[in-house]
Amino acid sequence: MRDPCSGLTVDVRDLARRGQAIYDIELRSVLEADHHGRFLAVEPDTKQYWLGETVEDVCRRARAVLPGRFFHIIRIGFPTAHIARCLQT
């Protein structure tokens, strides 16, 4: 996937695989009980993550720290996920 704003290219499958692995191995047991239903943005290269009530909230938080990066987005306790660059609007 190529980002039209920055020209950066990301392998979305690899991003999702790495982000999900970080969640499954390192974060799920720590976050699921107290944060069920909240959103989580994970940046796989740094393993940094952010929590929020909405996708927009976690994107805003993540983008403030790592602008221009891609994030794996998870809704804690749910099987679905998103991949987003969290573009500034």
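Note that the structure is predicted; figures quoted are calculated from it, not measured.
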Trainee: Which value, rounded to the nearest 0.5 Å, describes the distance between K47 atom NZ and I25 atom CD1?
Mentor: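 Reported value, rounded in 0.5 Å steps: 8.0 Å.
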
Trainee: Once you round to the nearest 0.5 Å, how far does CZ of R61 lie from CG of L66?
Mentor: 14.5 Å

Trainee: Is there side-chain contact between D14 and R18, with heavy atoms separated by less than 4.5 Å?
Mentor: yes

Trainee: Can I74 be reached from V30 by stepping across I, L, V, M, F, W or Y side chains whose heavy atoms are under 4.5 Å apart?
Mentor: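 In one cluster with V30: I74, yes.
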
Trainee: Rounded at 0.5 Å granularity, tell me how far CD in Q20 sits from CZ in R28.
Mentor: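 Spacing of CD (Q20) from CZ (R28) equals 6.5 Å.
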
Trainee: Could you check R69 against D45 for side chain to side chain contact (heavy atoms under 4.5 Å, CB included), going step by step and ending with a plain yes or no?
Mentor: CA-CA 10 Å; R69 301 300 290 264; D45 292 331; 2.9 Å; yes

Trainee: Counting distance only, does the side-chain N/O of R75 pair as donor-acceptor with the main-chain N or O of G37 below 3.5 Å?
Mentor: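 At least one qualifying donor-acceptor pair exists.
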
Trainee: Can you find a heavy atom in the side chain of I73 that is under 4.5 Å from one in the side chain of F39?
Mentor: yes

Trainee: Is it the case that over 12 heavy atoms from other parts of the model lie below 6.0 angstrom from the OH atom of Y23?
Mentor: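 Atom OH in Y23 is crowded, with more than 12 foreign heavy atoms closer than 6.0 Å.
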
Trainee: Please state whether the rings of W50 and F71 are parallel, tilted or perpendicular, taking 30° and 60° as the class boundaries.
Mentor: perpendicular

Trainee: So if I apply the side-chain contact (heavy atoms from CB on, under 4.5 Å) rule between L40 and each of L51, I22, V58, which one comes out positive?
Mentor: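 Running side-chain contact (heavy atoms from CB on, under 4.5 Å) over L51, I22, V58 with L40 returns exactly one hit, L51.
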
Trainee: Taking atom CZ of F78 and atom CZ of R38, what is their separation to the nearest 0.5 Å?
Mentor: 13.5 Å

Trainee: What's the shortest heavy-atom distance between A41 and A62, and which atoms?
Mentor: CB-CB, 4.3 Å

